Participant: 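I am attaching a structure below and will ask some questions about it afterwards.
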Amino acid sequence: MLAHPSWRGLGMAAVITTLGFAVYGFTVGCWRSPTMGLFVAAKMPLLIFCTLGCNGLLNGLLGLLLGSNLGFRQSLQALLGAFAISALILGSIAPVTFFLALNAPPPDSPQAATSHSAYLLSHTALIGMAGVIGLVRLRRQLENYCPSRSSARATLAAWMAGNAFLGAQFSWIFRPFFGSPQLEVAFLRPDPMRGSFYEAVWNSARRVSAEIEPLAFPAVLLLAVVVILSIAAYQHFQSSPRPQP
């Protein structure tokens, strides 16, 4: 597929991505209200295409600089194909998540706050699972096409970093997605450009750390760094060629 990219392949991947994320997006927002469901059905595909569109030039340049031999159209087709796989998975489980929304405590119930938190965590886990499966498929494609595994993995890591960084900020701009029970239903917040995703994460982390022991939060960060480095070292060891006896 990557050796002979075509506009038809790009179009099919774009249609699958749009439909899959739109159907799933409706089930994400419909717990708050059907109107919110329609808003999220429009915003989830928009989030994907804004991220890819703004990162398109960068992804193509990174693919060339890191020795993957991927052109701009090939880079776009590879990434859009990975999103299409994630969209297929999320779209296929949309009936389940729709009934989850129907059976959850409604937004005006006393259990609304707890329901909202559980709902958010459940969908975050599902989106993460679908994203990982899409990345596994993308990694296999790159390893089959690129001249070496090192160039394939370097390209994948660079794409993941750039798209995650920009995608997180776009998700902040396009909020809300889940619809907080105490806020009015709206397509966008009144101040979508105010602040950033990373500022919100930092402020949340500071609030959490203020309620626990002074050294606990730095210790958790240090532990997270150690775990990430350990995983990276293990993957490097697994991919290293073994000496023949």
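In this text, all values refer to a predicted model and were calculated from it rather than measured experimentally.
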Participant: State the CD-OG1 distance between Gln169 and Thr51, to the nearest 0.5 angstrom.
Facilitator: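 Those atoms lie 10.5 Å apart.
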Participant: So does Gln182 have more than 12 non-hydrogen atoms from other groups sitting under 6.0 Å from CD?
Facilitator: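 For Gln182, atom CD is crowded (more than 12 foreign heavy atoms under 6.0 Å).
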Participant: Between CG of Leu90 and CZ of Phe21, what distance do you get to the nearest 0.5 Å?
Facilitator: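 Between Leu90 CG and Phe21 CZ, I get 5.5 Å after rounding to 0.5 Å.
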Participant: Would one find more than 12 heavy atoms of other residues, nucleotides or ligands at under 6.0 Å from atom CE of Met12?
Facilitator: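 Result for CE/Met12: open.
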Participant: Check Ser148 against Ser151 and note the closest heavy-atom contact, atom names and distance.
Facilitator: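 Looking at all heavy atoms of both residues, the shortest contact is O-OG, 2.8 Å.
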Participant: Kindly indicate whether the side chain of Pro176, heavy atoms from C-beta on, has any atom under 4.5 Å from the side chain of Phe39.
Facilitator: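 Counting from C-beta outward, Pro176 and Phe39 never come under 4.5 Å.
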Participant: So do Leu62 and Thr155 actually touch side chain to side chain, heavy atoms under 4.5 Å?
Facilitator: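 SC-SC contact between Thr155 and Leu62 ruled out.
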Participant: For the CZ atom on Phe165, are there more than 12 heavy atoms of other groups (residues, nucleotides or ligands in this structure) within a distance under 6.0 Å?
Facilitator: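 Count not over threshold, so no.
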Participant: Contact between Phe98 and Cys30 at the side-chain level, heavy atoms closer than 4.5 Å - yes or no?
Facilitator: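 Contact flag for Phe98/Cys30 side chains = yes.
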Participant: So, do Val185 and Arg32 sit near enough that their side-chain heavy atoms are less than 4.5 Å apart?
Facilitator: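 Yes, side chains in contact.
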Participant: Would you say Ile16 ends up clustered with Leu52 if hydrophobic residues are merged whenever their side chains have heavy atoms under 4.5 Å apart, either directly or through other cluster members?
Facilitator: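 Not linked; separate clusters.
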Participant: Hey, any chance Leu47 and Met193 share a hydrophobic cluster, counting ILVMFWY side chains that come within less than 4.5 Å of each other, even indirectly?
Facilitator: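 Yes, one cluster joins them.
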Participant: Asn55 and Leu166: which non-hydrogen atoms are nearest, and at how many Å?
Facilitator: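 Closest approach of Asn55 to Leu166: OD1-CD2, 3.6 Å.
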Participant: Could you check whether any side-chain heavy atom of Tyr145 comes within less than 4.5 Å of a side-chain heavy atom of Ser68, counting everything from C-beta outward?
Facilitator: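 They are not in side-chain contact.
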Participant: Would the distance check show the side chain of Trp172 and the main-chain N or O of Arg194 forming a donor-acceptor pair, the cut-off being under 3.5 Å?
Facilitator: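 Flag set: sc Trp172 to bb Arg194 pair under 3.5 Å.
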Participant: Check the pair Ile173 / Leu188 against side-chain contact (heavy atoms from CB on, under 4.5 Å), numbers first and verdict last.
Facilitator: CA-CA 8 Å; Ile173 295 172; Leu188 295 175; 5.6 Å; no
Participant: Taking a hydrophobic cluster as the set of Ile, Leu, Val, Met, Phe, Trp and Tyr residues connected by side-chain heavy atoms closer than 4.5 Å, whether directly or through intermediates, do Phe99 and Val23 fall within one such cluster?
Facilitator: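 Hydrophobic grouping puts Phe99 apart from Val23.
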Participant: Looking only at heavy atoms, what is the nearest atom pair of Thr17 and Phe83, with distance?
Facilitator: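 Smallest interatomic distance, heavy atoms only, reads OG1-C, 3.9 Å.
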Participant: Can you find a pair of side-chain heavy atoms, one from Phe72 and one from Asn59, that are under 4.5 Å apart?
Facilitator: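 Contact flag for Phe72/Asn59 side chains = no.
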Participant: Between Thr97 and Leu100, is there a donor-acceptor pair closer than 3.5 Å when you use the side chain of the first and the backbone of the second?
Facilitator: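 Flag not set: sc Thr97 to bb Leu100 has no pair under 3.5 Å.
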Participant: How close do Ser86 and Gly134 get, counting heavy atoms only, and between which atoms?
Facilitator: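 Looking at all heavy atoms of both residues, the closest pair is OG-CA, 3.9 Å.
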Participant: Spell out, yes or no, whether Leu102 and Phe26 are grouped together once hydrophobic residues are joined by side-chain heavy atoms under 4.5 Å, including indirect joins.
Facilitator: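 Per the 4.5 Å side-chain linkage, Leu102 and Phe26 are co-clustered.
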Participant: Treating Lys43 as the side-chain partner and Phe177 as the backbone partner, does any N or O pair qualify as donor plus acceptor under 3.5 Å?
Facilitator: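 Not a single qualifying donor-acceptor pair exists.
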Participant: Any chance you could lay out the side-chain contact (heavy atoms from CB on, under 4.5 Å) test for Trp159 and Leu70, step after step, and finish with the verdict?
Facilitator: CA-CA 12 Å; Trp159 283 355; Leu70 289 168; 3.5 Å; yes
Participant: In Å, rounded to the nearest 0.5 Å, how long is the span from CG of Leu135 to CG of Leu142?
Facilitator: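 The distance works out to 10.0 Å.
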Participant: Taking the side chain as C-beta and beyond, is there a heavy-atom pair between Asn163 and Leu79 under 4.5 Å?
Facilitator: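 Side chain of Asn163 against side chain of Leu79, heavy atoms only: contact under 4.5 Å found.
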Participant: Let me check something: do Leu46 and Phe170 share a hydrophobic cluster, defined by ILVMFWY side-chain heavy atoms less than 4.5 Å apart, either directly or through other members?
Facilitator: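 In one cluster: yes.
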Participant: Does CZ in Arg137 sit with more than 12 non-hydrogen atoms of other residues, nucleotides or ligands closer than 6.0 Å?
Facilitator: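 For Arg137, atom CZ is not crowded (no more than 12 foreign heavy atoms under 6.0 Å).
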Participant: To the closest 0.5 Å, what do you measure between CD (Glu143) and CZ (Arg149)?
Facilitator: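 Rounded to the nearest 0.5 Å, the CD-CZ separation comes out at 5.0 Å.
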Participant: Rounded to the nearest 0.5 Å, what separation is found between the OG1 atom of Thr18 and the CD1 atom of Ile48?
Facilitator: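 Rounded to the nearest 0.5 Å, the OG1-CD1 separation comes to 9.5 Å.
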Participant: How about His123 and Tyr24: are their ring centroids closer than 6.0 Å?
Facilitator: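 Yes, the ring of His123 comes within the 6.0 Å limit of the ring of Tyr24, centre to centre.
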Participant: Work out which heavy atom in Pro95 is nearest to a heavy atom in Ser92; give both atom names and the distance.
Facilitator: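 Nearest heavy atoms, Pro95 then Ser92: CD-O, 3.5 Å.
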Participant: Where do Gly67 and Pro147 come nearest, in terms of heavy atoms and distance?
Facilitator: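 Answer, listing the atom of Gly67 first, then Pro147: O-CD, 3.3 Å.
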Participant: Can you check side-chain contact (heavy atoms from CB on, under 4.5 Å) on Val28 and Met36, steps first, answer last?
Facilitator: CA-CA 9 Å; Val28 171; Met36 189 70 196; over 6 Å; no
